[in-house]
Each structure stands twice: as structure tokens, then as C-alpha cells.
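Given the structure is predicted, the values throughout are model-derived calculations rather than measurements.
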Amino acid sequence: MAPPTRAIPAFRLPLFALVAGFSTAAMLVPAFVASVGDQDGIARAFFYSAILIGVLVTLASIAAQSSRPFRGAATTLVGALATYIFLPVLLAVPFVEAVPDTRFINAYFEMLSCLTTTGASYYDADRLADALHLWRGIVGWIGGLMTWAIAIAILAPLDLGGFEVSSDAHIPGETLARSTGDMRAAHASDRVFRSLRTLLPIYAGLTAVLWFLLVFTGETPLVAAVHAMSTLSTSGISASEGDLGPVGSELVILIFFCFALTRRSFLSGIGAELAYRLARDRELRLAVATITLITALLFLRHWIGALGVDELGDPSAAIAALWGSFFTAMSFLTTTGFVSGAWANAQAWSGLSSPGLVLIGLCLMGGGVATTAGGIKLLRVYALYRHGQREIEKLIHPHSVAGAGRSGRKMRREGAYIAWIFFMLFVLSLAAIMVLLAATGLGFEEAMVLAIAALTTTGPLAIYGSTSAIDFAGSSDFAKSILSVAMILGRMELLVLIALVNPAFWRA
């Protein structure tokens, strides 16, 4: 009897083709908005680009279907890296045609910033039309969805991207022998497609709900759409300069920041145990403790160094200061970068003219594992905290035995070890990028803020993390190239790229 033939998956496309096809279809949205707004030049730029790029992606997809599939772990990571490098080239085509007097490198930088959910903009808000603001928000939204899919379909089976802290692997790549069967059992594109099919309804549904709530609070439909997509993707992209809008809008956005703090908020489903799981989630508890501590310190500093605010004569100033500090701290912890309209009140109340170091520290800590947030990630910080706590306990009671079971011991030992390795690699990367940026003529403060903004994918940090706003338009082409590499490095993480050097990945 002939051996049974193995069914060939009906949908087998590389990650680049999947995301490029989805992005091509999304170009029709700004084309429609521009056409309705009597901006025919912008509408033609997006419509013609959608047709041209759609044909190219279709031909490439047909060729990929007939080629030999690649199942190795290394090829999946290389495919994800190539998507971040080359996809902005396609995304920048309609943008550079629609914006007058601009260069392709600036459009590439803009699209890469959106795709990596950094949100650093080269252009002033009043220079771009509504359709272009919408396109920036859509690209950031697609980048957030791609981050979710890559984390679940590619990084999780390899115990990378933060999963290595709570895995059974002692060092990155040691789990490869265990996960090779899983990686070969399904083609990488099959896993990515299944992840996209599962996550897209959740991601789109949450965005639609947030958009409706923002419109209900008083924002215009287009501005609300950009803010909704930026919040879910933590890109910090806005279609308007200045504040987000009414306090109601900030309150709604604050609630949706939870999806950038822990993956349990969108992967655990809605049920009776959801509240119990969130209450016990390590990342969420650490985030709440951090935000509460930062808000309390900024508020209590009023009685130490703040001047010119009469809390007895104007009690509303205290409430505004509390809200401004809490919202802004939560926004930068999730690496979104939105600033509350009451942030100026919080600065006056605390007496700090530019609390940039506080915002920098929050961005470095970052959000949850397998979320759209960047930074070091809360789970790694938690592992280092538990390890330090245990070391202090051993100094007091050398023969004590720690509790929390096997998972707790693993988190304090192997998890903390891996987290410390990532932290040192992050610091070394930050130092190298700062040196390269300083070589372009930037000062120490500017180089530091821009390097942190790129590595943590928090573009608005360039505006609020320094004593004066840093303008990306004043950067040289070499500085933009360095920042582009840093944004890709911050989104993919250096530990993932170093794993490609592991020979075991290429033998898998």
C-alpha cells in the first residue's frame, strides 16, 4: 500500500507577502478618504500604488507557492527581520508621491517608524493631509498586529522575546531541541496565518470599540480613528498637535492601555476567571505598583520643591496634577507616548520643569511580553526584582528556603539570569547607538534621548524626554539610518538577533 500523502496547506505565504498584501489593501482606505475630501492627487497616489504593489505582491506570492517551503527556525526569524527592513519601502511609495518636496529616505524613515510602532515623525502635523495622518495610523496599526503575530507564532515556540524568562531553557537557544519538532510540524507561514486569523478579530474589535468611545467623548471621527489605532498599537501617532482631547478621551484610552501591559488581557478570553488571572498577573501588578509610586512621588514633591501652586485656594490643581501624572506615566510605560492635557499642571505642581528622566525610566521598563509595547519588558524587570529580593533575604537568613514553588525558584534563578543578560545587551546597544549618533554631531543629551526613543520604540520621547523638543527633521541622513537600525533592533530585540548566530538554529 502506498504511504498516505501529506496534505499540502492551502495557504502558504511568507510573512512579508502576508503583511504586504494586507497593507496594499489598506491603501484603498486613505485613497477613499482623500477622494471624499477633494484631494485627488493624494487619492491617485494611493490608488495607483495599491494597484502596482498589489500586482507585484500577487506575482511574488504565486512564485512563493511553487517554491520549496522553509521550515527552519532561523528562516522564520530572518523573514520577520526582512519584513521590517523591506516592507517600509513599499509603504513609502504612496507617501512620497502624496507629500510634496520630500525625499524617499524621509518617507522610509516615517513608514519604518510607524511599522515598528515607534511613532517618531519627520513631518510637522500641519504639513500632512488628513489622509496621510490616517495612513500613518494604519501602518502603525498593522505594525502592532504584526508584533502580536510574530510573538505568538514565531518567538513563543523558540522561547524568545521575553518568553525565555519563564521557560525551562537555561540559555536562549537551549530550548531549540525541544521546539524543533513544533517548528517543523507546521510551516512558519501556516502558524503566522493561524495567529493572524485568531488575533485579527480581537485586535480589530478592540480598535472599533475604542474608536466608537472616542467619537462619543467628542473627538472627530478621523482623529478618533488614528488615536484608537495608535493606542492599540502603542505607536503614539496622532492626527492633531497638542492634547488628546477631553478628559473623557484620556480616561477611555487609559483603560485600553491594559492591553499593552499583559498578554492575558487579550489572550485569556472573557470569562469568570479573567479578573482572577489579571489580579495575579505579575506584569500587571508590577505596572500598577510602578505607576502608583511614580504618581505619588510627583504629587508629594509639591511640598518639597514646587512653587507657585496654592493647593488650598485651587484644589482642582491637585486633581489635575494627579491625573496628568498618572495618565502620562501609564502612557510612557506602555511606550505609547501620549501626554495628558493636564501634564503641564502636573509639571507645575511637582516643581519639575522637565521630568524627562522619569519618562525615560518608564520607557526603558516597557510593557508586557507578547504585547505591542517595547522596552526591556515588565517580566524581565520582575525577574530581576525577585532575584534581588531573594538575595537580600539570604543576607539576613542565610539558611532560609524560599517559597513560591518550582516556577518561583526558576524565575528567581534562570529567569533572572536571562533577564540580566538581556539588560546588559540592551545597555551595550544603547551605548553603541549613542556613540554613533554623537559622531553625527549630536550632543550627549540629544543622542541619549534619541537612542532610548528608538530602542524602546517610543518616538514621542524625543519631544518630552529632553529639556527642549528634538526635531527629527534636523537630523542628517546618517543619523536617520542609525535610528532606523535602532528602531528595528528595538522591535526585534537584540537577543533574538543574537540567537541567529547560534549554529543550532541553522541546523534545525
Side-chain angles (χ1 to χ4, degrees), residues 6-9 11-19 64 68-84 143-200 202-203 262-264 266-269 283 367-374 377-380 383 407 410-411 414-415 417-419 421-422 491-508:
R6 187 172 182 178
I8 301 176
F11 200 92
R12 176 171 293 171
L13 292 175
L15 176 64
F16 180 86
L18 285 173
V19 182
R68 181 181 178 182
F70 294 97
R71 301 178 182 272
T75 57
T76 59
L77 295 182
V78 171
L81 179 62
T83 302
Y84 281 113
L145 177 62
M146 189 171 69
T147 301
W148 274 14
I150 290 175
I152 301 302
I154 298 178
L155 299 183
L158 297 176
D159 286 337
L160 293 171
F163 292 98
E164 72 278 356
V165 175
S166 56
S167 71
D168 293 329
H170 294 284
I171 58 176
E174 190 171 291
T175 185
L176 186 63
R178 174 178 55 82
S179 62
T180 297
D182 298 333
M183 297 294 288
R184 288 179 174 174
H187 188 264
S189 60
D190 296 336
R191 294 195 310 274
V192 172
F193 178 71
R194 286 198 298 266
S195 299
L196 288 173
R197 186 176 57 185
T198 302
L199 296 173
L200 180 58
I202 301 174
Y203 194 64
T262 172
R263 63 188 181 278
R264 296 182 184 273
F266 57 87
L267 290 180
S268 298
E283 294 176 315
V369 172
T371 65
T372 55
K377 299 300 177 62
L378 289 169
L379 190 61
R380 295 187 177 107
S407 62
K410 182 164 61 65
M411 176 70 69
E414 291 87 356
Y417 172 71
I418 297 297
I421 291 177
F422 178 84
R491 176 47 65 193
M492 286 295 295
E493 293 189 357
L494 184 62
L495 197 61
V496 176
L497 301 183
I498 289 180
L500 291 174
V501 185
N502 188 349
F505 268 74
W506 296 99
R507 290 195 300 266

Least distance between heavy atoms, W148 atom then T372 atom: NE1-CG2, 3.5 Å
Between CG on residue L145 and CD1 on residue I202, distance to nearest 0.5 Å: 10.5 Å
Closest approach of V369 to G161 (non-hydrogen atoms, all atoms of both residues): CG1-O, 3.6 Å
Rounded distance (nearest 0.5 Å) linking atom CD of E164 with atom CG of L155: 9.0 Å
Distance, nearest 0.5 Å, that separates CG of L160 from CD1 of I418: 10.0 Å
Over all atoms of both residues, closest heavy-atom pair of F266 and A370: CZ-O, 3.4 Å
Closest non-hydrogen atom pair, I154 against P157: O-CD, 3.3 Å
Minimum heavy-atom distance R491-T371, with the two atoms named: NH1-O, 4.3 Å
Beyond-backbone contact of L15 with I150, side-chain heavy atoms, under 4.5 angstrom: yes
CD1 on I421 to CZ on R380, rounded to 0.5 Å: 11.0 Å
Closest approach of T83 to M146 (non-hydrogen atoms, all atoms of both residues): CG2-SD, 3.6 Å
Nearest-0.5 Å distance that lies between atom CZ in R263 and atom CD in E283: 6.0 Å
